[in-house]
Amino acid sequence: MKHALVTTLAACLVSGLFAAPALAESGREAASKAPVVNLDTSHGRIVIRLRPDLAPKHAERIETLTKRGFYNGVPFHRVIEGFMAQTGDPTGTGAGGSDLPDLPAEFSQESFRRGAVGMARAASPNSANSQFFIMYGRAPHLDGKYTLVGEVISGMDVADRIRKGDPARNGLVENPDRIVKMEMAPAGQ
């Protein structure tokens, strides 16, 4: 009996040792297959990898609206130095959205840090629609309270050049920069 237990434990350990690299490889493979968005501004391109592993409904929403051309010409209406740049509202007021229904929250334990892309919402956790924001810095007060939908994989220097808003007006931007064009990247980019 004792020998069988030792043999079983040894088999589990060996299996675990060989399984770990396969899991790590699987995670890298999933990240390489995640949808990628090219967001062009007058300052250059921001490349965002969506995170359907964290927020499948929100990632699908951004992909759907991007394919429709919804984001083309939309302003970065709220931009706060050191915090974030918000876009996705065609009205430029922060109150607009798409014709699609609002989404239920998909909160995760991922941290809102520089380069994270989150979904903007109203007071209700289940009110995200089309608006999203790119983080300039760490914001732990958003963790677990907003949906993290993606991450900038290149072009944070471009995001840094987006025109900032008036701090006295909660980052509202006069004459805002706009998304020139937003499209899905070819597979494998």
Compare every heavy atom of Pro75 with every heavy atom of Asp89, then report the nearest pair and how far apart it is.
-> O-CD, 3.7 Å
Evaluate side chain to side chain contact (heavy atoms under 4.5 Å, CB included) for Arg78 paired with Lys164, printing each intermediate quantity in order.
-> CA-CA 8 Å; Arg78 182 173 175 243; Lys164 307 302 183 277; over 6 Å; no
Are the side chain of Arg163 and the backbone N or O of Asn175 linked by a donor-acceptor pair below 3.5 Å?
-> yes
Exam field: side chain Asn38 to backbone Val47, donor-acceptor pair closer than 3.5 Å = no
Side-chain donor/acceptor of Arg49 to backbone N/O of Ile153, under 3.5 Å | no
Gln131 side-chain N/O to Gly94 backbone N/O, donor-acceptor pair under 3.5 Å | yes
SB check Asp143 Arg113 (cutoff 4.0 Å) = no
Between Asn170 and Ile80, does a side chain to side chain contact (heavy atoms under 4.5 Å, CB included) hold up when you go through it step by step?
-> CA-CA 7 Å; Asn170 197 25; Ile80 300 172; 3.9 Å; yes
Just wondering, do Met135 and Met156 contact through their side chains at under 4.5 Å, heavy atoms?
-> no
If we only count heavy atoms from C-beta on, is the Ser111 to Pro140 side-chain gap below 4.5 Å?
-> no
May I have the step-by-step check of ring pair (Phe, Tyr, Trp, His ring centres under 6.0 Å) for His141 and Tyr146, ending in yes or no?
-> CA-CA 9 Å; His141 65 281; Tyr146 284 79; 8.1 Å; no
Do you know which two heavy atoms are closest between Ala85 and Tyr136, and how far apart they sit?
-> CB-OH, 3.5 Å
List the steps, then state whether side chain to side chain contact (heavy atoms under 4.5 Å, CB included) holds for Tyr71 with Ile62.
-> CA-CA 9 Å; Tyr71 292 110; Ile62 287 184; 3.9 Å; yes
Can you spot which of Arg178, Lys181, Arg45 makes a salt bridge (charged side-chain N to carboxylate O under 4.0 Å, His left out) with Asp40?
-> Arg45
Are any side-chain N or O atoms of His58 and backbone N or O atoms of Val149, one a donor and one an acceptor, separated by less than 3.5 Å?
-> no
Where the side chain of Thr66 meets the backbone of Met184, is there a donor-acceptor pair that is under 3.5 Å apart?
-> no
Is Phe76 reachable from Phe83 through a run of I, L, V, M, F, W or Y residues, each pair having side-chain heavy atoms under 4.5 Å apart?
-> no
Judged by atom type as modelled, is there a donor-acceptor pair below 3.5 Å linking the side chain of Asn72 to the main-chain atoms of Ile179?
-> no
Would you check if the side chain of Glu106 reaches a backbone N or O of Lys57 as a donor-acceptor pair within less than 3.5 Å?
-> yes
Ring centres of Phe133 and His77 under 6.0 Å apart?
-> no
Taking a hydrophobic cluster as the set of Ile, Leu, Val, Met, Phe, Trp and Tyr residues connected by side-chain heavy atoms closer than 4.5 Å, whether directly or through intermediates, do Ile134 and Leu172 fall within one such cluster?
-> no
Are more than 12 heavy atoms from other residues, nucleotides or ligands located less than 6.0 Å from atom CD of Glu63?
-> yes
Is the cationic atom of Arg138 (NZ for Lys, CZ for Arg) positioned less than 6.0 Å from the six-membered ring centroid of Phe112 and within 45 degrees of its normal?
-> no
Is any NZ, NE, NH1 or NH2 atom of the basic residue among Lys67 and Glu183 found under 4.0 Å from an Asp or Glu carboxylate oxygen of the other?
-> no
Taking every heavy atom of Ser130 against every heavy atom of Gly88, the minimum-distance pair comes out as OG-O, 2.8 Å
Should Arg61 and Asp102 be marked as a salt bridge (charged side-chain N to carboxylate O under 4.0 Å, His left out) after you check the CA-CA gap, both sets of side-chain angles, and the distance that decides it?
-> CA-CA 10 Å; Arg61 173 63 56 87; Asp102 289 346; 5.8 Å; no
Tell me yes or no: between the side chains of Ser124 and Asn126, is some donor less than 3.5 Å from an acceptor?
-> no
Cluster check Leu142, Phe132: I/L/V/M/F/W/Y, side chain < 4.5 angstrom = no
Among side-chain atoms of Ser98 and Asn129, is any donor-acceptor pair under 3.5 angstrom?
-> yes
Exam field: side chain Ser127 to backbone Ala122, donor-acceptor pair closer than 3.5 Å = yes
Please report the C-alpha distance between Thr41 and Asp177 in whole Å, then the side-chain angles of each, then the deciding distance to 0.1 Å, and finally whether the side chain to side chain contact (heavy atoms under 4.5 Å, CB included) criterion is met.
-> CA-CA 8 Å; Thr41 73; Asp177 286 327; 6.0 Å; no
Hey, is the main chain of Ala120 close enough, under 3.5 Å, to the side chain of Gln86 for a donor-acceptor pair?
-> no
